[in-house]
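Written below as structure tokens is the structure these notes are about.
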Amino acid sequence: MRYLIVRTDIRTAADIDLAAAWAGGGCLRNETTTPEPRRQTVHAEDRDAALLLARALSTVGAVRAGRQRVKVLPLGEPGRRHRNPPG
């Protein structure tokens, strides 16, 4: 399986937005509609390589200080194309 390793900026949230999300039962951040701004992206062909790269990116000062985060996202099998469902 292929993986995408991403280093992103963390969006800050105002206290009122956080309170509204808790009260309404919704989520504060939705990565599918408004993803965090990306700083760096790297691809890996297997999970071990992806975790090793993520560990290396986690040593960046902004990540250690809590201003950025590192995410490991599975992309799927290499060479395998996703088909659109019939409809």
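Note that these values count all heavy atoms, side chains included, but never hydrogens, waters or copies made by symmetry.
- Using a 4.5 Å heavy-atom threshold, the side chains of R38 and L4 count as touching.
- With sequence neighbours excluded, no residue satisfies salt bridge (charged side-chain N to carboxylate O under 4.0 Å, His left out) with R67.
- Minimum heavy-atom separation, V63 to R7: CG2-CD, 3.8 Å.
- Between the side chain of R11 and the backbone N or O of P35 there is at least one donor-acceptor pair closer than 3.5 Å.
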| Derivation and outcome, side chain to side chain contact (heavy atoms under 4.5 Å, CB included), residues L57 and I5 | CA-CA 9 Å; L57 288 176; I5 302 91; 3.6 Å; yes
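- Not counting sequence neighbours, the partners of R69 by the side-chain hydrogen bond (donor to acceptor under 3.5 Å, both in side chains) test are E36.
- Residues M1 and V72 fall within the same hydrophobic cluster, defined by Ile, Leu, Val, Met, Phe, Trp and Tyr side chains chained together at heavy-atom separations under 4.5 Å.
- Residues passing the salt bridge (charged side-chain N to carboxylate O under 4.0 Å, His left out) test with D46, sequence neighbours excluded: none.
- Using a 4.5 Å cut-off on side-chain heavy atoms (C-beta onward), Q40 and T8 make no contact.
- Distance OH/Y3 to CZ/R47: 6.0 Å, rounded to 0.5 Å.
- Using a 4.5 Å heavy-atom threshold, the side chains of V6 and V70 count as separate.
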